Amino acid sequence: MKTLGLTATALSVIALSAGGAFAQSRDQIRIVGSSTVFPYTQAVAEEFSNQTGAPAPIVESTGTGGGMQIFCSGVGEQTPDITGASRAMTKSEYDLCVQNGVTDITEALIGYDGLVMAVARNSEADWNLTLEQVYLALAAEVVQDGNLVANPYSNWSEIDESLPDVAITVMGPPPTSGTRDAFVELAMHAGCEENDAAMALAEAAEKKSDWVKENCSRMRTDGPFIEAGENDNLIVQRLNTDPNALGIFGYSFLYENQDTLIDVKLNDVDAEIETIASGEYPLSRPLFFYVKDAHRGVIPNLQEFVTEYMSENALAPTGYLAERGLVALPDDERSELQARVTSGEGEFSVAE
Amino acid sequence: MTDLPDNGRASDTAWSSDAFKNRLARRHRKELGLKLLGLGALTLAFLMLGILLWTLISGGAQAFRQTHVTLDVPISAQMVDPADPAAGNYRGVIAEAMQATFPDAPQERMRALSGILSNAAQFVLRDRVVADPELIGQVVQIRVPTSDTYDQLNKGNVNEASDESTRRLNDEDIRAFRQLEAEGRITLPFNWALFTNADSRFPELAGLRGAIIGSFYALLVCFLISFPLGIGAAIYLEEFAPKNKISDIIEVNINNLAAVPSVVFGLLGLAVFLNWFGMQRSAPFVGGLVLALMTLPTIIIATRAALKAVPPSIREAALGVGASKQQVVFGHVLPLAMPGILTGTIIGLAQALGETAPLLLIGMNAFVTSAPGTPFDASTALPTQIFIWADSPERGFVARTSAAILVLLGFLVLMNAIAIFLRNRFERRW
């Protein structure tokens, strides 16, 4: 009986303490969302806390989709105030939000992030690929003689004689990663559309974009494309040991490792801040965050934090986010964004 | 017994026969082969361990020291209003100090020169002035970390002979740093910040304080729940429960639970503690609850083994002099089994300390720049902090990841050493 009593006491103590502690109001901002937006939000959070002395926001990297699920789970202290996203909110996510009472949302496009293909500096070849070549090298199936066949290429030179005669080895993110989604959309689909043989089949299909999505999204799994895990530092290390391997990761990793890595030119364009901002480098994607308007003025410091995120100090091309690799918006777009997001006014909805 | 049965193989079994010698040699060879195989396996294991430790130590050693720069900073009343020292322009104060240190440098170089110092310099200065407003109008000497790129330069990780465009620092930056070095302003002391600071996005400021305290709270909660519950369950099963089908099923299930992958417990915690009970994400308290679920089977199994090891004669003697069953258990059996129970518990907790997957699921991989004050504040734990740092692009975090792993390994070795000590010191043999 004593053990039973002990157990009951222990359980009730836990229940009481948990109830008591979690009932108190939250004084820290909570942020979830994309791992790509994470470093930027992190920077603003730390700067904000240093400047104001307010408790630093808790920033958690959950991935874009996971962040939306938590963000849209309702309004109230148990739910996060902000979520980061490396793509715009989808219709189904918006519906989920509305269904759970999260109707007032402000969307902020904070800038662009470059996805790069890079190679070790000691690589002998001068790498310059077209998106079509990237697609042909990495797709699970390519079109030959009017039929979809398993990707037959094992050397770059088999795709085009001007390319180096080395085996195709590309390390990239796994399917769970937002970076992978972006790469498939920006490189694989675009490359597919540049490929005449594939387009001939696509034209015959009911809807061209559906055909592309269906047949050009799968990366090959027979060796040349290596899923290197979510950890980009690992890819950087492996590139350094294999001069003929290419890697796919965020621009900030290239920027931090420019002494050992060099970008692969895509469609003759180098990956640089300027080319990513202008959209010339084909693999740039927008980064967003979403604020729950119902939490403004309720969660302490949330409004101040959003104001700091929107400040020139952070967002401008000379700001501290740019130092971390964010590609800033053009001046006029930026000032419009700052006014809209800081005030929290303006309608937001997601079209079909 | 002199005549062996004559089956025509007498010569085979004679000790001096060739066949016997051959067989003996073969048996010896086999034994030698087995020994060599065992030795080989051991050598391989030690080699792997050696490689692991060597990469960690060689990679992480640098992170235990941090380049600092000592600077004389004149704090003028123009920059810092004595009436409101907290709102002063400390960035400007630092820039002025760099201007004074490099009088020949042109104005457009000032931004790059200020970049030698960590971003924290202005806040270090602010905190000192706010604590002692008398300093306004004086020259203050501060020693602050350099930013990560210069720290890498000082540690020899930048190839100065390489082409300027392939480096983060250009030749002018390096010259400025060498000038500071020649003036004796650069030092490379032990990196206390690694233990006294919480996480930061700047490698030179990032530390493990939040993670260590977070892990401590999580383990504390884990211990407070799993230890009494585990012992209670084990005592009931071992001493009181009738031996029947139901207790057999429970026993099998507990053994199975001990082998369930930890990520499953994380999912359970996510569904029950966060979604159903509505507890806060990232709290070490929730982490502790999840780890307790994971540790419970280990403790139950260890406790039952320890209880079993107490000889029945002790129980019988106590019962014989009229003690009740409860008196026997709590007065005699449990105290004698305690060393074994404690050893099992500590090993279970050491496992919990290194556990990552369940903590990721309940959000303990958040970026938190302050150490938690209570188990209910958001925080990271040691393994999740390693996870976050391993994924950061800055060079400084590569070494810090290895350093954090070494710190975690240190705690694990310490806990296992305590377990071994307890076992050797208090264990009784009958």
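So you know, we letter chains A, B, ... as the sequences are listed, proteins then strands, and number each from 1. These numbers were taken from a predicted model, which means no experiment stands behind them.
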Exercise for the section: Keeping to residues at least two apart or across chains, list the ring pair (Phe, Tyr, Trp, His ring centres under 6.0 Å) pairs with something in residues 42-68 of chain A. Expected result: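 Qualifying pairs, neighbours excluded: A:Phe48-A:Phe305.
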Of the backbone (N, CA, C, O) and the side chain (C-beta and beyond), which part of [X] lies under 4.5 Å from a heavy atom of chain A, both, or neither?
{"X": "B:Phe277", "value": "neither"}
{"X": "B:Ser282", "value": "both"}
{"X": "B:Thr380", "value": "neither"}

At what distance, to the nearest 0.5 angstrom, does [atom1] of [X] lie from [atom2] of [Y]?
{"X": "B:Thr369", "Y": "A:Gln42", "atom1": "OG1", "atom2": "CD", "answer": "9.5 Å"}
{"X": "A:Glu60", "Y": "B:Ile388", "atom1": "CD", "atom2": "CD1", "answer": "9.0 Å"}
{"X": "A:Gln78", "Y": "B:Leu274", "atom1": "CD", "atom2": "CG", "answer": "9.5 Å"}
{"X": "A:Phe253", "Y": "B:Glu394", "atom1": "CZ", "atom2": "CD", "answer": "8.0 Å"}
{"X": "B:Gln122", "Y": "A:Gln51", "atom1": "CD", "atom2": "CD", "answer": "7.0 Å"}
{"X": "A:Gln28", "Y": "B:Ser370", "atom1": "CD", "atom2": "OG", "answer": "6.0 Å"}

Taking side chain as everything from C-beta outward and backbone as N, CA, C, O, which of these in [X] sits under 4.5 Å from a heavy atom of chain B? Side chain, backbone, both or neither.
{"X": "A:Ser61", "value": "backbone"}
{"X": "A:Tyr255", "value": "both"}
{"X": "A:Ile262", "value": "neither"}
{"X": "A:Pro57", "value": "backbone"}

Exercise for the section: Might you point out which heavy atoms bring B:Asp391 and A:Asn233 nearest each other, and give the distance in Å? Expected result: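 Shortest heavy-atom contact: C-ND2, 4.1 Å.
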Practice task
Using atom types as modelled and distance alone, determine if a side-chain donor or acceptor of A:Asp259 lies under 3.5 Å from a backbone N or O of B:Asn159.
Solution key: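 The answer is no, because no donor-acceptor pair under 3.5 Å joins these two groups.
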Handout entry: Residue, of B:Ala390, B:Ala378, B:Ala120, that accumulates the most heavy atom pairs under 4.5 Å with chain A
Key =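 The option with the most such pairs is B:Ala390.
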Handout entry: Listed partners of B:Phe223 passing ring pair (Phe, Tyr, Trp, His ring centres under 6.0 Å), at least two apart
Key =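 With sequence neighbours excluded, B:Phe223 shows a ring pair (Phe, Tyr, Trp, His ring centres under 6.0 Å) to B:Phe227, given in chain and number order.
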Exercise for the section: May I ask you to test the A:Tyr320-B:Arg201 pair for a side-chain heavy-atom distance under 4.5 Å? Expected result: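 In contact.
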Handout entry: Heavy-atom side-chain contact between B:Arg281 and A:Thr62 under 4.5 Å
Key =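 A side-chain contact exists here, since the closest heavy-atom pair is under 4.5 Å.
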Practice task
Specify which of A:Thr41, A:Asn257, A:Val236, A:Ile31 makes the most heavy-atom pairs with chain B at under 4.5 Å.
Solution key: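 Option with the greatest count: A:Asn257.
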Practice task
Identify which of A:Arg30, A:Arg121, A:Gln237 forms the greatest number of heavy-atom pairs closer than 4.5 Å to chain B.
Solution key: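 Max contact count across the listed options: A:Arg30.
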Problem - Worked check of side-chain contact (heavy atoms from CB on, under 4.5 Å) between A:Glu47 and B:Asn119 - result: CA-CA 9 Å; A:Glu47 189 74 20; B:Asn119 185 56; 3.6 Å; yes
Practice task
Say whether B:Arg126 and A:Asn50, considering side chains only, have a donor N or O and an acceptor N or O under 3.5 Å apart.
Solution key: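 On atom types as modelled, these side chains do not qualify, holding no pair under 3.5 Å.
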